[in-house]
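Note that the numbering runs from 1 along the sequence shown for the chain.
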Amino acid sequence: MKRPYLIVVATCGSVALLAAAFGFQFIAGLPPCQMCLWQRWGHAIAAAMGVLALYWDTRAPVWLGGMAALSSGVTGFYHAGVEQSWWPGFTSCSGGDVHDLSVDELLDHILNAPLVRCDDIPWEMLGLSMAGWNAIFSLCLVVFWIQAARCPP
């Protein structure tokens, strides 16, 4: 395949994932947690690098787009693991351990907790959450970015 075609596919993939995320937020009423927002940044950067790569005849933006998509995929995988309780999430966006807290500490913890927890699964399809699907699709996009970087201009 030709390099511009691969760049367009990878760029449109990131734009589509961003559109889906915003659709879940504004149409379905599912506000994002902190890790969801981190995953969006990777796709926003990948999309910007894709546009830049189409006009700048060098491989640097292509590799940067691939790394941005990879960062979104890795963050999505980590987030899916937090949702499945495979490993703990950040205490700033997940429930954390509250067993040893006093009543006052627990009340303070509840009042200062974020509105959207990273360890909750607000939506899933075929056993995968949005974070899990983002990880899969993002890593597929990385393949397109790598192929585009390896193709001659």
Side-chain angles (χ1 to χ4, degrees), residues 1-97 109 112-153:
M1 280 192 245
K2 295 193 181 251
R3 183 174 170 190
Y5 173 77
L6 293 167
I7 293 171
V8 168
V9 169
T11 302
C12 289
S14 283
V15 169
L17 288 171
L18 278 172
F22 284 115
F24 276 110
Q25 179 179 353
F26 293 112
I27 297 171
L30 299 172
C33 70
Q34 187 63 44
M35 282 197 273
C36 293
L37 295 174
W38 294 341
Q39 292 167 73
R40 291 180 187 187
W41 276 107
H43 288 299
I45 293 168
M49 289 298 107
V51 171
L52 188 60
L54 290 172
Y55 295 102
W56 190 18
D57 194 21
T58 181
R59 285 188 167 86
V62 179
W63 284 113
L64 291 173
M67 287 189 287
L70 179 63
S71 74
S72 183
V74 169
T75 304
F77 177 75
Y78 177 78
H79 188 186
V82 169
E83 291 172 334
Q84 297 295 329
S85 300
W86 295 339
W87 42 74
F90 302 104
T91 57
S92 62
C93 67
S94 57
D97 187 15
H109 180 74
N112 292 320
L115 295 176
V116 181
R117 291 176 36 156
C118 295
D119 56 353
D120 284 339
I121 301 174
W123 179 91
E124 67 180 352
M125 182 176 73
L126 302 174
L128 289 175
S129 67
M130 286 184 276
W133 284 110
N134 177 61
I136 291 169
F137 289 131
S138 297
L139 296 176
C140 289
L141 291 177
V142 170
V143 173
F144 283 95
W145 284 110
I146 290 171
Q147 289 289 33
R150 294 177 58 180
C151 281

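When all heavy atoms of Pro32 and Cys36 are compared, the pair lying nearest together is CB-CB, 3.7 Å. The two residues Leu54 and Pro4 make their nearest non-hydrogen contact at CD2-O, 3.9 Å. The minimum heavy-atom distance linking Ala46 with Ala68 is given by the pair N-CB, 3.7 Å. Here the closest heavy-atom approach between residue Ala131 and residue Ala80 is recorded as CB-N, 3.8 Å. When all heavy atoms of Val15 and Ala47 are compared, the pair lying nearest together is CG2-CB, 3.9 Å. The shortest heavy-atom contact between Pro61 and Trp145 is O-CZ3, 4.3 Å.
Looking only at side-chain heavy atoms (C-beta outward), Gln34 and His79 stay at 4.5 Å or farther from each other. Looking at heavy atoms from C-beta onward, Leu141 lies in side-chain contact with His43 at the 4.5 angstrom threshold.
Rounded to the nearest 0.5 Å, atoms CE (Met49) and OG1 (Thr11) are 10.0 Å apart. With rounding to the nearest 0.5 angstrom, the CG atom of Leu6 is 11.5 Å from the CD1 atom of Ile146. Here the CH2-OH distance, from Trp38 to Tyr78, works out to 8.0 Å after rounding to the nearest 0.5 Å. Atoms CZ and CG, from Phe77 and Leu139 in turn, are 9.5 Å apart once rounded to the nearest 0.5 Å. Note that CD1 of Ile45 and OG of Ser72 are 10.0 Å apart. Values are rounded to the nearest 0.5 Å. In this structure, OG in Ser138 is found 9.0 Å from CG in Leu70, a value given to the nearest 0.5 Å.
Proximity of a side-chain donor or acceptor of Arg59 to a complementary backbone N or O of Ala53 within less than 3.5 Å is not detected. Side-chain atoms of Arg40 never come within 3.5 Å of backbone atoms of Leu18 as a donor-acceptor pair (strictly under, hydrogens ignored).
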Where do Gln25 and Leu30 land on the side-chain contact (heavy atoms from CB on, under 4.5 Å) test, with the steps shown first?
-> CA-CA 5 Å; Gln25 179 179 353; Leu30 299 172; over 6 Å; no
Using the side-chain contact (heavy atoms from CB on, under 4.5 Å) rule, take Trp133 and Leu126 through it: C-alpha gap first, then chi angles, then the decisive distance, then the call.
-> CA-CA 10 Å; Trp133 284 110; Leu126 302 174; 4.1 Å; yes
Does the pair Asp57 and Arg3 meet the rule for a side-chain contact (heavy atoms from CB on, under 4.5 Å), with working shown?
-> CA-CA 11 Å; Asp57 194 21; Arg3 183 174 170 190; 4.2 Å; yes
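Within a 6.0 Å radius of CZ in Phe24, more than 12 heavy atoms belonging to other residues, nucleotides or ligands are found.
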